[in-house]
Participant: 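Here it is: the structure, laid out below.
These values consider heavy atoms only, across backbone and side chains, with no hydrogens, waters or symmetry-generated copies. We count ligands from 1, going down the list as the structure has it; atoms in each ligand are counted the same way.
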Amino acid sequence: MKKKGETKKISGEVKKPGINFIRNIIEKDLKTNAFAERKWTGSPAPASEFTNYTNIDSARIRTRFPPEPNGYLHLGHAKSICLNFGVAENYNGICHLRFDDTNPISEDDKYVKSILRSVKWLGFDWKRQLFFASDYFEYLYSFAILFIKNGDAFVDSMSFDEIKNYRGTLTTPGTDSPFRSRSVEENLDIFEKMRLGEFKDGSHVLRLKIDMKSPNINLRDPVIYRIRHEKHHKTGGKWCIYPMYDYTHCISDALENITHSLCTLEFEDHRVLYDWILTRLVNYKILEDPLPKQYEFSRLNLTHVVLSKRKLIQLVDEKHVDGWDDPRMPTLEGVKRRGYPPEGIKLFCEKIGVSKSDSLIDYTQLEDSVREILDQSCDRRFLILNPLKLIIENFPNDLEERCNATNHPKDSKKGEREILFTKEIWIEQTDFEKNPPKGFFRLYPGNKVRLKYGFIVECTGYDQDENGKIQKVFCRYFPESKSGISKSNTEKVKGNIHWLSSRHSIKCKVNLFDRLFLSADPLTKKDFLKELNPNSKTVKTALVEPSLINTPLGKQFQFERHGYFILDCFDEINNMPIFNRTVTLRDTWGKRSNETKGS
Ligand code: ATP
Ligand code: MG
């Protein structure tokens, strides 16, 4: 599946679940009691909301999942959620859900709601540990004043472009800002006026005073506050200066007594800044050791999708998909509608493990985990995707023969259902060939097959139109051959096909999905939109067993030979249930043309 120009290794390897380098670190820390002495001792005194959890069980490990509410969660976030909540669960620790909401421009309450829904749907519980970085704005501001007072921060009044030009590059050092030597008094005065809203956006920023010559660009006097006259989804119009991510994140971790701050590899170079800020706060006697520690792991990259909020927003805004919860989307809202069970996603995350090496995981690995879960949980039913009429010549016109069909071949507790066998039935077009190729064991003139749970039939002929398209197939049945009942039912036939009574089947719509992108790694291409698969969705009218008419929304089935499906909604106008195919029974990527072509 790897194509030219795609550099990342596609991994099909399944690692031993459970053990990873993060868990090793945690186990070591638990052995050495590394966090046993943690408690808040700083000044200003902690707000009452912190004392709830900072003083109890301080030896416990604490992780956090810190989404920015500027989009919907995707499968990449699921990896982080499973890791953070997972290790907390494993080690009797606590995982916080903290919204990293420091940029009011792109953040919205609707994203907060959706993120809460998705974490819950995955099966994780933050209990009372739900926080917002914006709850700490007052702390962050008072700490910023301490940085200024200690000569560790200054107000810069250069423009955005000037700051950028002074920063230098990966190979050349930066240059000190002419405002770097402002007095503490002047800095305090301007910073207060920034807060009071006396300046326009972009006129001043607050920067840490670290080292413009540092080989690590993150240490070149990073900006920690900027002016934004914007309404914030939680604090409304209270603030017009907002703290930057790097400054906010480490302090939020420390305020919440996080022990292990797990993030993705792109933050590796930010770790020194994380430690620098917190160590300064220890020096100012605001925090005490042991401080939270940042550890990085590689992000999840999956073939044939994009896992970037910005790119996903583009797909929705430009209407390449039908919204955030389009079942083709790798968003958690999307895969939920697609029918991926949360247990399947968790199993997948466990199997791929956590490491520091960048890799591109084959999408089929996710599908395999989804199948593994659905195989156990789903009842079997019959669905005919491309119907062809089969007439049983020697079957009485009005007879309805009751047949017992097993709901689950590996779980007898799931019981049986009744399906009715009648003179006219539907079979799949692909189950009949007038000129069978070698090795074709299903219906063709003169051949016998078993109609699963029903009778053995022998093909006696067919009707075709002037183009040779098959209209009807004729056969005769053997009344003694009924499944499960007749003692003389010893005849073995090679073909075993599914069917539906034409009198008793009901119409439904099915959405069949394929890879969203043709390329395995679309973001490595010039224009990722050109890599979209034009056939990623096919809508068809099909037939199902009548019992499915009363199925509750969200119920999942295996439609035998076609895959796992979920009842998505009900088409009131055409009076038909609509099913989404979650996944086929086997990996058939690239070989799926036959079933979608039929009439
Ligand atoms: P995106 O790259 O999609 O914009 P983000 O990193 O900006 O995502 P955040 O809301 O900041 O999104 O992410 C919350 C947490 O999820 C972070 O700790 C981040 O490292 C983690 N995360 C995001 N994408 C992935 C991924 N593909 N694999 C693993 N973890 C991820
Ligand atoms: Mg982010």
Participant: List ligand 1 atoms under 4.0 Å from S80, heavy atoms only on the residue side.
Facilitator: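 Under 4.0 Å from S80, ligand 1 has these atoms: 16 (O), 21 (C), 30 (N).
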Participant: Does atom NZ of K209 have more than 12 heavy-atom neighbours, drawn from other residues, nucleotides or ligands, at distances under 6.0 Å?
Facilitator: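 Yes, the 6.0 Å shell around NZ holds more than 12 heavy atoms from other groups.
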Participant: Any luck finding a side-chain donor-acceptor pair between D152 and Y284 under 3.5 Å?
Facilitator: yes
Participant: Should N70 be counted as touching ligand 1, given the test is an N or O pair under 3.5 Å?
Facilitator: no
Participant: Within a 6.0 Å radius of atom NZ on K120, are there more than 12 heavy atoms belonging to other residues, nucleotides or ligands?
Facilitator: no
Participant: I'd like to know whether ligand 1 has H74 as a neighbour, heavy-atom separation below 4.0 Å.
Facilitator: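 Contact check H74 vs ligand 1: positive.
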Participant: In terms of side-chain heavy atoms, does E333 have a donor or acceptor partner in T331 at a distance below 3.5 Å?
Facilitator: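 The criterion, which ignores hydrogens and geometry beyond distance, is not satisfied for T331 and E333.
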Participant: Taking the basic N atoms (NZ, or NE/NH1/NH2) and the acidic carboxylate oxygens, is any pair closer than 4.0 Å for R23 and E350?
Facilitator: yes
Participant: Which atoms from ligand 1 have a heavy atom of T264 less than 4.0 Å away?
Facilitator: 19 (C), 20 (O), 29 (C), 30 (N), 31 (C)
Participant: Taking distance alone, with N or O pairs closer than 3.5 Å, would you say E266 contacts ligand 1?
Facilitator: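 In this structure, E266 places no N or O atom under 3.5 Å from an N or O of ligand 1.
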Participant: By number and element, which atoms of ligand 1 are closer than 4.0 Å to a non-hydrogen atom of P66?
Facilitator: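 Those qualifying, in numeric order: 14 (C), 18 (O).
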Participant: Please confirm whether L300 comes within less than 3.5 Å of ligand 1 when only nitrogen or oxygen atoms on both sides are compared.
Facilitator: yes
Participant: When you compare the side chains of Y91 and E27, does any donor N or O come within less than 3.5 Å of an acceptor on the partner?
Facilitator: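 Note: Y91 and E27 side chains meet the donor-acceptor criterion.
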Participant: Kindly confirm or rule out an N or O of S298 lying under 3.5 angstrom from an N or O of ligand 1.
Facilitator: no
Participant: Report yes if some N/O of D100 lies less than 3.5 Å from some N/O of ligand 1; otherwise report no.
Facilitator: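 No: no nitrogen or oxygen of D100 is under 3.5 Å from one in ligand 1.
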Participant: With the side chain counted from C-beta on, respond yes when L262 and L83 share a heavy-atom pair under 4.5 Å apart, and no when they do not.
Facilitator: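 Contact flag for L262/L83 side chains = yes.
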Participant: Can you name the nearest heavy-atom pair linking N301 to S359, along with the distance?
Facilitator: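 So the minimum-distance heavy-atom pair works out to ND2-O, 3.2 Å.
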Participant: From the options P69, G76, C82, G71, select the one whose nearest heavy atom is closest to atom 31 (C) of ligand 1.
Facilitator: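 Considering heavy atoms of P69, G76, C82, G71, the nearest to atom 31 (C) of ligand 1 sits in G76.
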Participant: Decide if the gap between the ring center of F124 and the ring center of F65 is smaller than 6.0 angstrom.
Facilitator: no
Participant: So, regarding C263 and ligand 1 (criterion: nitrogen or oxygen to nitrogen or oxygen, under 3.5 Å), is there a contact or not?
Facilitator: no
Participant: Got a sec: does the CD1 of I105 have more than 12 other heavy atoms crowding it under 6.0 Å?
Facilitator: yes
Participant: Below 4.0 angstrom from a heavy atom of E68, which ligand 1 atoms are there? Numbered from 1 as shown, please.
Facilitator: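 Close to E68: 9 (P), 10 (O).
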Participant: List every atom of ligand 1 that sits less than 4.0 Å from any heavy atom of S308, numbering the atoms from 1 in the order shown and giving each element.
Facilitator: 3 (O)
Participant: Under 4.0 Å from a heavy atom of H77: which atoms of ligand 1 are those, numbered in the order shown and with their elements?
Facilitator: 8 (O), 9 (P), 10 (O), 12 (O), 13 (O), 14 (C), 16 (O), 22 (N), 23 (C)
Participant: To which of R310, K309, R64, E296 does the heavy atom nearest atom 7 (O) of ligand 1 belong?
Facilitator: K309
